[in-house]
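Comments concern the structure below.
Heads up: numbering here begins at 1 and tracks the sequence. Keep in mind that this is a model prediction, so the values were computed, not measured.
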Amino acid sequence: MQKIKSLMTRQGLRSPQESVHDLGPIESFRIPSKEELRELREEPTDPQVQQEIINSIEEVYFSNDSFDIVKYELEKLPPVLSLQELEEYRDKLKQQQAAVSKKVADLILEKQPAYVKELERVTSLQTGLQLAAVICTDGRRHLNIAKEGFTQASLGLLANQRKRQLLVGLLKSLRTIKTLQRTDVRLSEMLEEEDYPGAIQLCLECQKAASTFKHYSCISELNSKLLDTLEQIEEQLDVALSKICKNFDISHYTKVQQAYRLLGKTQTAMDQLHMHFTQAIHNTVFQVVLGYVELCAGNTDTKFQKLQYKDLCTHITSDSYIPCLADLCKALWEVMLSYYQTMQWHETRDQDEAETVSSVSDGSNVTATEENSFDRSYVKKKLEHGLSRIWQDVQLKVKTYLLGTDLSNFKYDDFIFVLDIISRLMQVGEEFCGSKSEVLQESIRKQSVNYFKTYHRTRLEELRMFLENETWELCPVKSSFSILQLHEFKFMEQSRSPSVSPSKQPASAISTAATLFEQYCSGGNPFEIQANSKDDETEDVLASNGYESDEQEKSAYQEYDSDSDVPEELKRDYVDEQTGDAPVKSVSRETLRSRKRSDYNLNKVNAPILTNTTLNVVRLVGKYMQMMDILKPIAFDVIHFMSQLFDYYLYAVYTFFGRNDMPIQSSSLSTSNREQHSARQFESTGLGLSSSRLRTTLNRIQESLIDLEVSTDPTGTLTAAEERKEKVPSPHLSHLVVLTSGNSLYGLAERVVATESLVFLAEQFEFLQPHLDAVMPAAKKPFLQQFYSQTVSTASELRKPVYWIVAAKAIDYEQMLLLMATVKWDVKEIMSQHNIYVDALLKEFEEYNRRLNEVSKRVRIPLPVSNILWEHCIRLANRTLVEGYANVKKCSNEGRALMQLDFQQFLMKLEKLTDIRPIPDKEFVETYIKAYYLTENDMERWIKEHREYSTKQLTNLVNVCLGSHINKKARQKLLAAIDDIDRPKR
């Protein structure tokens, strides 16, 4: 086949495809020539035959334009060629070609008009293309001219401008990047200046800018650096927040809060703040105590720093205990004050923000407003809850400190100072969070009770020693003396109300409305009281030299009515501390004038009568009240101990001066025996002696407080020993006090000083009752009421038994009975002259009056005392008269008239000696004398109605009347009636 193709090539023959490919586009569609058409027409024209010939053409001829016909036909030739077969096959192919050509020719002829028309269009198109080519050539030529003359220069300017803008933007970005790179320096400066909001704002802006330029590779490193810087700022912000706990600064805290707000961590800041406050309390107390421990240790040993706070507190010495406690409370006050100011800052800011929101109430920023409101609510609740937590931490720290040292050996002033500090701290706690400070109260209550028991026991022993060495001399105090002038009662002047905690602060700092936090918010410290702890050490309560050496005292004596310089308070018996009103029983000017007339010391001012021992007891009461007022939970124990002071003083005065068992001098043994016999006789009648209430009180004191056992029993039980430990031995009167001398009216001066000092002490207790009642627990108030109603009020009742002993011995009643026995009463005529025993009795009374005047030169005898003394003497004299009349064996009617004459003479003279009206027991004598004239029936009724007379006196009355107007039968009847009356008495 290759040979055939090569042969054809040499002969210049081409395959049909090649011939066709060599034809141009127009030539391939040329119209066949006439000869060709004729040949075509000579061919059979049967369409069916033609179609069959076309159909006989193999499909492969129509499959592809690139089909190689020659190669295909040559490959089909058989291996052995036959000329005839080849010619036949050639003719067949020619027929097929002719049929196809015929078909094409028919189609061409059929499309000839369209072909011609299309050919014209192609020609026209060719012409138009040529014209367009000319136009394009002209346009390009003109464009080249425009390009060279205008476009190239203008577009170059525009391109340069665009490039300039890009470069400017790039330069700006580079400068921003450069600024970002140098931001850390500025941030450090702002942190040093504590401008935390500005630093955070700058850092956030840098982060935003960094996100804009994140396509630069250098920015990724800067972004991580900014994150580190922001974390560093938060750490420094936390440190700045911790500084608020000890020293609150508004501007500083405002910056910190603004910074946290920018970070969106307001709630986190509040949580951190509370953690810092807790840590500040712990660190503060530890450093304060550690400083004192190391100072007392005197070396630089660091072992104390490793100790726990509880163990560290046990190393505090007694000398440094109070200064350390004061500094501890000062430091804790600073922490609590900072917290208080923090709350104030938030309250003020919330109010401002609320006003701002209400003034700008548009709906543009509702979400942000709700978030701020939620943050404010969270902060407020957190701060309110933190109050009790912080105070609880403070209490626990102070409690640990208090229990770390034994306070039993402290001096009273030091212990009071500790209580005062703790009381002030509890007041701070109450104002801080409304807490009652149960932890602090319980921690100091037990120590206070134990300390106070020991202290009170020692004071009772001292009081016994004072009483046994007391000579009952008058302690000269000024007429304007008041217990409020004593140091021990200064706290009452400062507080003026039992409900206010006593603190030794200047009076100018006391405000009824302002709290401690409001007072010391701008500066100062409520625990800075050491410098003022002593107050004024001058007590102007004693007279210069008795009563007469000082010129002012002299003028006071001369101008007894002139009391304009005396404060109105001091003119009253006592003043209600809470209301400031005087009670109804206040002493009036008329009473003072009557005292001027009646008192025996008209030349002396009406100064209180008291002794050094009384003054010491009053001072003790002041100390006790001071402790009680500071520590109200132990109020009952303190008041109980105060009542024991008064009980022991009352019992001592009664034991010394109220008992009728004084030793009698041998020279007057018989007379004194008669006096005692007479005294006991009158005592049985109930004259001027102890009331049942006073006896009950004395018995109670003796059973509960007085140790009557002389020697201790080593075999006694422990309970008995404990009970005796709570008691005090009975005091003994000093041997320097003489109560048996008639010249001194049997120690009347000492008796007056002792008894009136007790009355003065009772008056002071009455004055203090509102204070005691205010601090006394409600459950224990019946004890206080009972103490006042059964003990304090009986002090004045002790006057009767004490002064009765003087009255019973001052006048010789036995001598009067002897003189009355010598009188003859069965006279037959009415006498006009009284008997001599009346003059003797009046002489005794005049001597008694003279001795009273002598005693009054030493000691002022108050009007109630002089009245009681005169009343006792007159009662005893009248009883003696009745007793003398009862000793009469025989008496006539004229004798009874003589008795009346004697008694009237006695009354007339007696009324000139005393101002007492009416005369005591006047009716007692007159009724007895007049009973002589009664008939049998009237006398029987009279005997039954007058049981105040003794059996002897009634019997004598009946016997004397026998024979005159009463017969023996009536006598027996009357004696039987007397016996019936006397029987229940036996």
Side-chain angles (χ1 to χ4, degrees), residues 412 416 419-420 422-424 426-427 430 441 445 448-449 452 455-456 459 481-505 507 510 512 535 541 567-570 572-586 608 610 614-647 649 759-793 795:
Y412 175 81
I416 285 294
L419 292 186
D420 190 49
I422 299 303
S423 174
R424 176 52 61 92
M426 288 191 289
Q427 184 183 355
E430 186 170 358
Q441 288 188 12
R445 188 187 67 82
S448 298
V449 171
F452 200 69
Y455 179 80
H456 176 65
R459 299 291 81 75
F481 171 74
S482 168
I483 62 171
L484 297 179
Q485 297 169 353
L486 301 176
H487 290 309
E488 289 76 9
F489 291 91
K490 288 294 184 182
F491 72 94
M492 290 177 59
E493 284 189 340
Q494 292 168 352
S495 62
R496 301 307 297 173
S497 173
S499 61
V500 179
S501 174
S503 65
K504 297 165 185 173
Q505 57 180 346
I510 298 176
T512 56
D535 294 317
V541 296
E568 192 64 31
E569 273 189 338
L570 300 178
R572 308 169 183 170
D573 280 353
Y574 80 93
V575 179
D576 191 325
E577 190 67 8
Q578 292 179 331
T579 64
D581 297 331
V584 179
K585 63 177 183 178
S586 295
L610 66 155
T614 316
L615 205 56
N616 284 330
V617 172
V618 171
R619 290 184 186 275
L620 272 181
V621 170
K623 290 181 178 181
Y624 283 25
M625 287 192 62
Q626 189 176 359
M627 180 179 289
M628 172 187 61
D629 221 30
I630 293 173
L631 197 62
K632 292 179 178 60
I634 65 168
F636 170 71
D637 301 280
V638 176
I639 292 177
H640 176 64
F641 293 149
M642 285 173 58
S643 69
Q644 289 186 349
L645 294 176
F646 185 84
D647 289 346
Y649 194 90
V759 174
F760 171 80
L761 190 60
E763 291 174 353
Q764 306 316 307
F765 269 85
E766 291 283 356
F767 170 74
L768 297 173
Q769 184 178 5
H771 295 267
L772 301 181
D773 189 68
V775 297
M776 190 71 159
K780 301 292 185 180
K781 285 191 176 182
F783 167 81
L784 185 64
Q785 296 169 357
Q786 184 179 13
F787 168 68
Y788 272 92
S789 62
Q790 297 185 7
T791 305
V792 177
S793 61

query = What distance separates E763 CD from E766 CD, expressed to the nearest 0.5 Å?
reply = 8.5 Å
message = With heavy-atom distances below 4.5 Å as the criterion, would you say the side chains of L419 and Q626 are in contact?
response = no
query = If you measure from CE on M628 to CG on L772, what distance do you get to the nearest 0.5 Å?
reply = 5.0 Å
note = For T791, the side chain to side chain donor-acceptor pair (under 3.5 Å) test, sequence neighbours excluded, returns R700
remark   = Between R459 and Y455, the two heavy atoms sitting closest are NH1-CE1, 2.6 Å
Can you give the donor-acceptor pairs under 3.5 Å from side chains of residues 636-644 to other protein atoms, not counting sequence neighbours?
from : atom 1 : to   : atom 2 : distance (Å)
H640 : NE2    : Q644 : NE2    : 3.2
S643 : OG     : H640 : O      : 2.5
Q644 : OE1    : H456 : NE2    : 2.7

query = Considering residues at least two apart in sequence or located in another chain, which fulfil the salt bridge (charged side-chain N to carboxylate O under 4.0 Å, His left out) criterion with K780?
reply = none
ask   = What residues form a ring-ring contact (aromatic ring centres under 6.0 Å, His included) with F765, not counting sequence neighbours?
value = F646, F787
inquiry  = Any non-hydrogen side-chain atom of M625 less than 4.5 Å from a side-chain atom of V775?
reply    = no
Residues forming a side chain to side chain donor-acceptor pair (under 3.5 Å) with S789, sequence neighbours excluded = none
ask   = Heavy-atom distance under 4.5 Å between the side chains of L620 and Y412, does that happen here?
value = no
remark   = Nearest heavy-atom contact between I416 and K623 is CD1-O, 4.3 Å
ask   = Say you draw a straight line from CZ of R619 to CG of L486; how long is it, rounded to the nearest 0.5 Å?
value = 5.0 Å
message = Testing the basics here: between F767 and I483, what is the closest heavy-atom pair and its distance to 0.1 Å?
response = CD2-CD1, 3.7 Å
note = Sorted by chain and number, sequence neighbours left out, side chain to side chain contact (heavy atoms under 4.5 Å, CB included) with Q441 holds for M426, P633
task = Decide yes or no for L615 and F760: does some side-chain heavy atom of the first lie under 4.5 Å from some side-chain heavy atom of the second?
result = no
query = So do V618 and L610 actually touch side chain to side chain, heavy atoms under 4.5 Å?
reply = no
Closest approach of A795 to V759 (non-hydrogen atoms, all atoms of both residues) = O-CG2, 4.2 Å
ask   = Taking atom CD of Q769 and atom NE2 of H771, what is their separation to the nearest 0.5 Å?
value = 11.0 Å
